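Some notes on the structure that comes next.
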There are 2 protein chains.
Amino acid sequence: MARKTGSHAQITGPRVRSAAQKLFARMGYAAVSMRRIAAEVGMQAGALYLYTPDKQTLLFDLMKTHLEELLQAWAAAEKGKGAMAQLEAFVRFHIRFHLARPDAVFIAYMELRNLTPENFERIESLRRAYENQLEAILRQGQESGDFRVPDTKLATLAIIAMLTGVNTWYREGGRLSRSRVESIYWDMVRKAVGGDDAARIA
Amino acid sequence: MARKTGSHAQITGPRVRSAAQKLFARMGYAAVSMRRIAAEVGMQAGALYLYTPDKQTLLFDLMKTHLEELLQAWAAAEKGKGAMAQLEAFVRFHIRFHLARPDAVFIAYMELRNLTPENFERIESLRRAYENQLEAILRQGQESGDFRVPDTKLATLAIIAMLTGVNTWYREGGRLSRSRVESIYWDMVRKAVGGDDAARIA
DNA sequence: GGTTTATATGAACGGATGTTCATCTCAAAG
DNA sequence: CTTTGAGATGAACATCCGTTCATATAAACC
């Protein structure tokens, strides 16, 4: 049997995973059948159950892996010193990371309601952990006087919503390069948190 | 027969509409059966077809009505004079309007991929029309010198994503009132577009 | 009271759903 | 060359899907 047993890493095999990710993102979890996923991989529906216990686990695995990779990548990222540098690092990291994984991002935002309550809780706690990373930066900058935000929690949610929104319109080969987009968004975020140190008079 | 014929107002009857809206928002279009909607209204599945031609029209009608009401409400809103006043009006209007209709908003954002291509185009053009309202304000403020945005199109999308994000976390009876939320977001938007006229020194 | 007409039923249609399982294939191990 | 045993099949399970339609109900009109 091929089904992974003990470890709690990725339960689902990689070929099935990526086929499911592609289809869930394009058509939605509920609209994709196990037979359709199997056809994408090039096998029959029954064979999928050698690689995943069930459809729900397939979805949960995709979300969990995505969010764990997100947290891990941010933990490993160059952040610089001071709240201002860290906020810029976060903004650029968030856009870069999310633009590189449009399918995973789409699923993680759109398919939450198709998770069982227990799985939903686990995913939500991973998402909160990520939000806390940004909020910590905002609170630190608030205390140091670098930022002036009326409410760090709301600013956190507002910034993340704004940044993740890039995924809904960005297209490769479009008018703006990724790094140009990063810079434009960083400009808006920096000003929004009251961190526009220079170049202002009245 | 009850099915509306000539006019292109709302094809679907109101009781069926609101039951479908509730269920689509909670469980997703693909996961809700006509039988489930019928049960919510208190009838059998077959009777639904007296009120709507099919399931797809039900979804399309919900989205179209929502976006038309959005455009109409903004057209009728008090806007004030000058780019700054109009941007504030837009921010407050957007949050207020969207918080009042969480189900319709959720559906309009999450179920786009379940529209037929023709219906998708019609919905997208309504959404673009709304975005254009904000972009016009930003361009006007840019020309008048009230704002300094690096890219009005990106600023439009960024602001709308940020404002709509309120719907994902706001809960009635929470820490902040609606008007307090409006003010906090307006503060961030105003600063983001470089329109923080007063209260800044360095 | 009788007739029209809107409203609703519930069975039926062909087909799709997630999942299971006995069976088969076929490369590697002994 | 035989024996494994993992990988894959494809039929089968019970159930659900969107939609249609002949039929029933019941209120509105003459």
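Because the structure is a prediction, the values reported are computed rather than measured. Convention: sequence-line order gives letters A, B, ...; per-chain numbering from 1.
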Could I get the full list of side-chain contact (heavy atoms from CB on, under 4.5 Å) partners for B:Ser179, not counting sequence neighbours?
-> B:Ser177
Name all pairs fulfilling the salt bridge (Lys or Arg N to Asp or Glu O under 4.0 Å) condition that reach into residues 72-86 of chain A, sequence neighbours left out, sorted by first residue then second.
-> none
Is there any side-chain hydrogen bond (donor to acceptor under 3.5 Å, both in side chains) pair reaching into residues 21-31 of chain A, and which pairs are they, with sequence neighbours excluded?
-> A:Lys22-A:Glu40
In short, ring-ring contact (aromatic ring centres under 6.0 Å, His included) pairs touching residues 148-171 of chain A with sequence neighbours left out are none
For residues 107-139 of chain B, the ring-ring contact (aromatic ring centres under 6.0 Å, His included) pairs (sequence neighbours left out) are B:Phe90-B:Tyr130, B:His94-B:Tyr130
Residues forming a side-chain hydrogen bond (donor to acceptor under 3.5 Å, both in side chains) with A:Ser18, sequence neighbours excluded | none
Applying side-chain hydrogen bond (donor to acceptor under 3.5 Å, both in side chains), name anything that partners A:Glu172, two or more places apart in sequence or on another chain.
-> A:Arg178
When you measure from every atom of DNA chain D, which of residues 19-34 of chain A have a heavy atom less than 4.0 Å away?
-> none
For the helix from C:dG1-D:dC30 to C:dG30-D:dC1, how many degrees between its two end axes (five pairs per end), to the nearest 10°?
-> 0°
With the criterion being N/O to N/O and under 3.5 Å, what pairs connect the protein with nucleotides 12-14 of chain C, and how long is each?
residue: C:dA12; atom: N6; partner: B:Arg35; partner atom: NH2; Å: 3.3

What string of B, S and - do you get for nucleotides 21-26 of chain C 5' to 3' if you count protein non-hydrogen atoms under 4.0 Å?
-> ------
Considering residues at least two apart in sequence or located in another chain, which fulfil the ring pair (Phe, Tyr, Trp, His ring centres under 6.0 Å) criterion with A:Phe93?
-> A:Trp74, A:Phe97
